[in-house]
Amino acid sequence: MIPEHEGAEVEQRTQSEFMYILSQLRIKITLPYILLAIIVTFAAAFLVTRLLSSLLENRFQSTLLDAGRKAADSMASLEEEHLAAWRSIAYIEGMDKAVAALDGEATGLLATPPVINAQLDVLEVLDREGDALFAMYHTPGGTATDYTFAPSSGHADWPGVQRVLDRATDPFGDKYADFVETGRGWVFYTLGPIRRENRVVGVLLVGTYLDHLVARLDAAALARISIYLDAGVPQATTLAPQTPGILALDPVTFQQYMERQTYQSPRRDFQVSGRTYAEVFAGLTVRFVEDAGLLSVALPLSFVTDSGGATRESLLTLFGLFVLFVVIVGVVTASAVVRRIERLAGATRQVAAGDLTTQVEIKGRDEVAALSADFNQMVNQLREGRLYRDLLGMTASPEVATRLRDELEQGHLELGAQTITATILFADIRGFTTLAEGHEPAYIIDMLNEYFQGIVGIIRQHNGVVNKFIGDAVLAFFGVLPENKPPEQSAWDAVAAAQGMLDYVRTINHRRLSQGELPIRLGIGVNTGPVVAGILGSESRFEYAILGDAVNVSQRLSDMNKLYPEYDLFVNGATWMLLGNTPPVEAVHLGDVEVKGRVEPVNTYAVRL
């Protein structure tokens, strides 16, 4: 046995080793991302599975309802075929005469060919008393010509036959459809009168066995079909033809479904031979008569469960690979970062020992590389070089950088500003959000780089300074740097720069249109007025800024082509007046225009280009 004190030491040592492992930088870097990846993976798998199940269920329900519509359409098509066959037989020359003469043999000779051609299941011809005169019954499973010719009796008691013999009509005529249980099973009939000299001399019935009818609807809808003419078992079904009792509807359910089917499709789920089906019900309409019974369409629920299970397994596999990928990338990345930091820590210890010649090799362009560069500058006392580098990183144009550098060299960099009348140009790409949504980010970056490359040169060519980029927009000022200029000159320079920018965009658009790409459209606002220009920030972080109402108004003017789409360049009244009596462009005076965020309207001119 291990002594108690030795066991405590082992446990304490194990805990210390475990805490040491957790304190390692590579573990601190990697572990949070691994945990986050696992959490995101399980959450995503759960949400995607739920969403997928919902989508599959909706798709299944739509498929089920679509199958019902196809079955109803096939039923209507069968009725049309019945009517066509009925007319082809009833109107055969001599048929009315043979029926009126009670000549069954002549009737059969006339009726047999069209019955075989139409592939009818049942044909029955009755005399004026409703007694069978001639009949043909196709033998189920037989050949196309396999018929029996033994007429049955009792037709006179059928409601449809009685209506025909009584010469009854409805809004659709004197022909009817009905489901009748016969000695050969249930039959769907279409029947109508045979007339001679405007007298009803007999009744002609064409029919389809109900078992054949549901088989036909099954093939059309690609779903299992059942027909319920009353409560109880279905009169015909392709879902469970051997055990129809499991499909029975009790009287209460049957009545509820009959009532609900007028405004929704009732549904029930049940099992047949160990397989779960979903069944929807609709009203059975024949010969424009509603509520003849119920027509049901059923599909197996494995349509949802099988697809969902396979997709769920695929998602789990995919998310598992994602977690493994995150772990591998995290470990590799953490190890690379830690090795570089360990080298930097060793160099720091050398400097602490007095070795100021130490230099750290700079690899890459990330934060560790920047830290190494800062360390080298600290050791070599390159304060001025570092400050100038930071200064260049904080400026948007060489003119601003030069002004700040000169003041630094003279030793009197002061946080402050001057008030001066300048001309501000603000240019924005119209519809940029829509353009960005339709393309990859890399494409947008390349497009903006090409656009900015051209307009920055144009602005500098006309003595302007680019102050900053704001997404797809650019803010520039004229008449301030490198030296103050009269407002008249800054106005001329800004308008000329705007013209050059629009010409440059037209050149770009010519190429874009030739390549099948959408053109770029600018909105440019030019405004002259007092601004505050100078160094803004703190002693440790600052930038050269232009502030004032004139800046805000230039931005609002750039949005004016949303209201006046025929123009792209808008200037305020002060700018237009400074252009003198011979301005370089023509403009339309829009008058005082209200702009967003400003109480007083702006006197505005729209420039024609």
Determine whether the aromatic ring centres of residues F452 and F469 are separated by less than 6.0 angstrom. yes
I'd like to know if the side chain of N561 and the backbone of L522 have a donor-acceptor N/O pair within less than 3.5 Å. yes
Are the side chain of T237 and the backbone N or O of L239 linked by a donor-acceptor pair below 3.5 Å? yes
Please check this pair: side chain of Q162 against backbone of A156, looking for a donor-acceptor N/O pair closer than 3.5 Å. yes
For E79 versus A177, what's the shortest heavy-atom pair and its separation? OE1-CB, 4.3 Å
Student check: side-chain heavy atoms of L294 and L284 closer than 4.5 Å: no
Keeping Y147 on the side-chain end and T112 on the backbone end, is there a donor-acceptor pair under 3.5 Å? no
Ionic contact status for D66 with K70, cut-off 4.0 Å: yes
D166/R163 salt bridge by N-O under 4.0 Å criterion: no
Using a 3.5 Å distance criterion without hydrogens, assess whether the side chain of D428 forms a donor-acceptor pair with backbone atoms of G523. no
Rounded distance (nearest 0.5 Å) linking atom CD1 of I194 with atom CH2 of W86: 7.0 Å
Strictly by modelled atom types, are T253 and D250 linked by a side-chain donor-acceptor pair under 3.5 Å? yes
So if I apply the side-chain hydrogen bond (donor to acceptor under 3.5 Å, both in side chains) rule between R430 and each of D559, D472, D568, which one comes out positive? D559
Using the side chain to side chain contact (heavy atoms under 4.5 Å, CB included) criterion, which residues pair with R268? Sequence neighbours excluded. Y228, L247, L249, Y257, F270, E279, F281
Polar side-chain atom of N509 near backbone of I520 as donor-acceptor pair, under 3.5 Å: yes
Given the options V571, L557, L569, Y605 meets side-chain contact (heavy atoms from CB on, under 4.5 Å) only with V571
If we check side-chain contact (heavy atoms from CB on, under 4.5 Å) with T238, which of these qualifies: L217, D218, D211? D218
Under 30°, 30 to 60°, or over 60°: which ring-plane class applies to Y567 and F570, parallel, tilted or perpendicular? perpendicular
Summary of ring pair (Phe, Tyr, Trp, His ring centres under 6.0 Å) pairs that have at least one residue in residues 505-525, sequence neighbours excluded: none
R511 with E450: basic N within carboxylate O range, under 4.0 Å: yes
Spell out, as yes or no, whether a donor-acceptor pair under 3.5 Å connects the side chain of H82 to the backbone of S77. no
Answer yes or no: is there an ion pair linking E197 with K97, defined by an N-O contact shorter than 4.0 Å? no
